[in-house]
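This report refers to the structure that appears directly beneath it.
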Amino acid sequence: MEADRLSRTLLAWYDAEARRLPWRSPPGVYADPYHVWLSEVMLQQTTVAAVIPYFRKFLDRWPTVLDLAAADSEEVMAAWAGLGYYARARNLLKCAQHVASVLGGRFPDTEDGLRSLPGIGDYTAAAIASIAFGRATVVVDGNVERVMARLFAEQAPLPGVKPRLKQRAAQLAPQERCGDYSQALMDLGATLCTPRNPACGLCPWVRDCQGRLQGIAADLPARTPKAEKPTRHGLAFWIARWDGSILLRKRPPHGLLGGMLEVPSTPWRDSSEGGAWTLDEASKHAPLSCSWHPVRGTVRHTFTHFHLEMTVVTGIARGGEPPASRWVSPESLGEQALPTIMRKIVRHAML
DNA sequence: CATCCGTGGCG
DNA sequence: TCGCCAAGGAT
């Protein structure tokens, strides 16, 4: 059957070219479910290069899921700082605690069982079930969607064409070496069948790819155009105390940068709400009353759906501790649960 | 089903 | 400089 030939061709390529990644097991051995789970959650919408140092750090600090389940939330958030999508870190700890306290420290070995855990959706459940437990699943991530769109020259745009791409993936998925096949398909997308400049000349499916034969591979998958990102403005308060400590504030537990620390600031408003802040307007939102001194320049950052432009002012406080806030020594700033935008503000304020 | 949620690398 | 988009999930 044609599907068999295609899957065998891909596995042969994988056996010859497989990347050695820290969470992968030797050939013929199932990988540790904890390692697979941790890496897959980190890899959600995140590149391999960005994940590797975080994966090593987490495994070094929490060698088993039981260790992680016993960890302090603040410590986990601080370790995750910089990796983004912080709901993943919150769900990571929730999931570890559930596995430890309810499941006796063992991950479920079925797709449905895995799918019921916090932070594990369709993709991650299928990936863990196949890679750690050898289950025959249909793994569909962004790579697989791209490969299928090209292999079968599916020209309808995402996200509408998603179900059809999943059908295509399902008709190719083998019953044996399921984990290797899942990883091979994603490796193909990550290394050869890339979004831009695909290396079709090196692809094991070059003679089978309808997109390639029609000369449209590089233009697939099609996507519906995205809305333009608005720019929001904020003003951050860099507040030092007599002993040099800096005032940080904990953000609400959910939503943008949920559960992370921040340099206190005004709300972030777009141009329809007034755009850039004057110091007079902004001071009403200051956590403490101070005499403020503007810092030259601005800090820019881009989130998933808006740009942010921040100005910074500094002040010296007498003391006091506003709600949800704490004084932190400058030396310890690097260890705090500060997301990247806040680290940019720290760097800007300290120059 | 659409929107929300980070960050960094690449062309 | 800037838009694109990545091994998605939750609501």
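All chains are named by letter (A, B, ...) in the order of the sequence lines, taking the proteins before the strands, and each is independently numbered beginning at 1.
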What contact category does A/Gly82 fall into here, base, sugar-phosphate, or nothing, at under 4.0 angstrom with non-hydrogen atoms? sugar-phosphate
Quick one: list whatever passes side chain to side chain donor-acceptor pair (under 3.5 Å) with A/Asp67, sequence neighbours left out. A/Thr64
Pick the closest DNA chain C nucleotide for A/Trp23 and for A/Asn91 by heavy atoms, then say which residue is nearer the 5' end. A/Trp23
Roughly how far, to the nearest 0.5 Å, is CE of A/Met148 from SG of A/Cys193? 9.0 Å
Whole-Å distance separating the CE atom of A/Met42 from the P atom of B/dT7: 15 Å
Indicate, with a heavy-atom threshold strictly under 4.0 Å, whether A/Asp122 touches base, sugar-phosphate, or nothing. sugar-phosphate
Would you kindly give the NZ-to-P distance between A/Lys344 and B/dG6, to the nearest whole Å? 14 Å
Between C/dG8 and B/dC1, how far is it from one C1' atom to the other, in whole Å? 16 Å
So where does chain A start and stop touching DNA chain C, 5' to 3', when the test is distance under 4.0 Å to a non-hydrogen atom? C/dG3 to C/dA10
For A/Thr124, report the nucleic acid contact type (base, sugar-phosphate, nothing); a contact means any heavy atom under 4.0 Å. sugar-phosphate
Between B/dG6 and C/dC5, how far apart are the two C1' atoms, rounded to whole Å? 13 Å
Distance in angstrom units between A/Ile345 CD1 and B/dG6 P, rounded: 15 Å
For the pair made of CZ in A/Arg300 and P in B/dG8, what is the distance, rounded to whole Å? 17 Å
Indicate, with a heavy-atom threshold strictly under 4.0 Å, whether A/Arg343 touches base, sugar-phosphate, or nothing. nothing
Under 3.5 Å donor-acceptor, A/Arg150 side chain and A/Ala217 backbone: yes
Would you indicate what A/Thr304 reaches in the nucleic acid, counting non-hydrogen atoms under 4.0 angstrom: base, sugar-phosphate, or nothing? base
Just to be sure I understand the rule, does A/Leu21 reach a base, reach only the sugar-phosphate, or reach nothing, if contact means heavy atoms closer than 4.0 Å? base
Between B/dT3 and A/His305, is there an OP1 or OP2 to side-chain N/O distance shorter than 4.0 Å? no
Mind checking A/Pro118 for me? I need base, sugar-phosphate or nothing, with any heavy atom below 4.0 Å counting as a touch. sugar-phosphate
Closer than 3.5 angstrom, by distance alone: can the side chain of A/Thr266 be matched with the main-chain N or O of A/Leu235 as a donor-acceptor pair? yes
In whole angstrom, what separates A/His307's NE2 from B/dG8's P? 16 Å
Is A/Asp187 salt-bridged to A/Arg24, cutoff N-O under 4.0 Å? yes
Base, sugar-phosphate or nothing for A/Gly258? Non-hydrogen atoms, less than 4.0 Å. nothing
Over how many whole Å does the gap from A/Arg88 atom CZ to B/dT7 atom P extend? 10 Å
Pair A/Arg196 + A/Asp219: basic N to acidic O under 4.0 Å: no
Would A/Glu321 and A/Arg326 pass as an ion pair if we require N to O under 4.0 Å? no
Gap in Å between the two C1' atoms, one belonging to B/dG8 and one to C/dT1, rounded: 16 Å
Using OP1 and OP2 only, check whether a side-chain N or O of A/His301 sits under 4.0 Å from B/dT7. yes
What integer number of Å spans the P atoms of B/dG11 and C/dA7? 15 Å
Value in whole Å for how far the C1' atom of B/dG6 lies from CG of A/Leu257: 8 Å
Side chains of A/Asp270 and A/Ser272: any donor to acceptor distance under 3.5 Å? yes
DNA chain C: A/Thr47 or A/Gly119, which has the more 5' nearest nucleotide? A/Thr47
Just to be sure I understand the rule, does A/Leu83 reach a base, reach only the sugar-phosphate, or reach nothing, if contact means heavy atoms closer than 4.0 Å? base
Value in whole Å for how far the C1' atom of B/dG6 lies from CH2 of A/Trp268: 11 Å
Could you check whether A/Arg24 gets within reach of a base, just the sugar-phosphate, or nothing at all, counting any heavy atom under 4.0 Å? base
Among residues 190-197 of chain A, which residues get a heavy atom nearer than 4.0 Å to DNA chain C? A/Ala190, A/Arg196
Nearest-0.5 Å distance that lies between atom CZ in A/Phe237 and atom CH2 in A/Trp292: 5.5 Å
Respond yes when some side-chain nitrogen or oxygen of A/Thr340 is under 4.0 Å from OP1 or OP2 of B/dG8, and no when none is. yes
Could you check, using the six-membered ring where one of them is a Trp, whether A/Phe55 and A/Trp23 have ring centers closer than 6.0 angstrom? yes
Give a yes or no on whether a salt bridge exists between A/Arg146 and A/Glu154, defined as a side-chain N under 4.0 angstrom from a carboxylate O. no
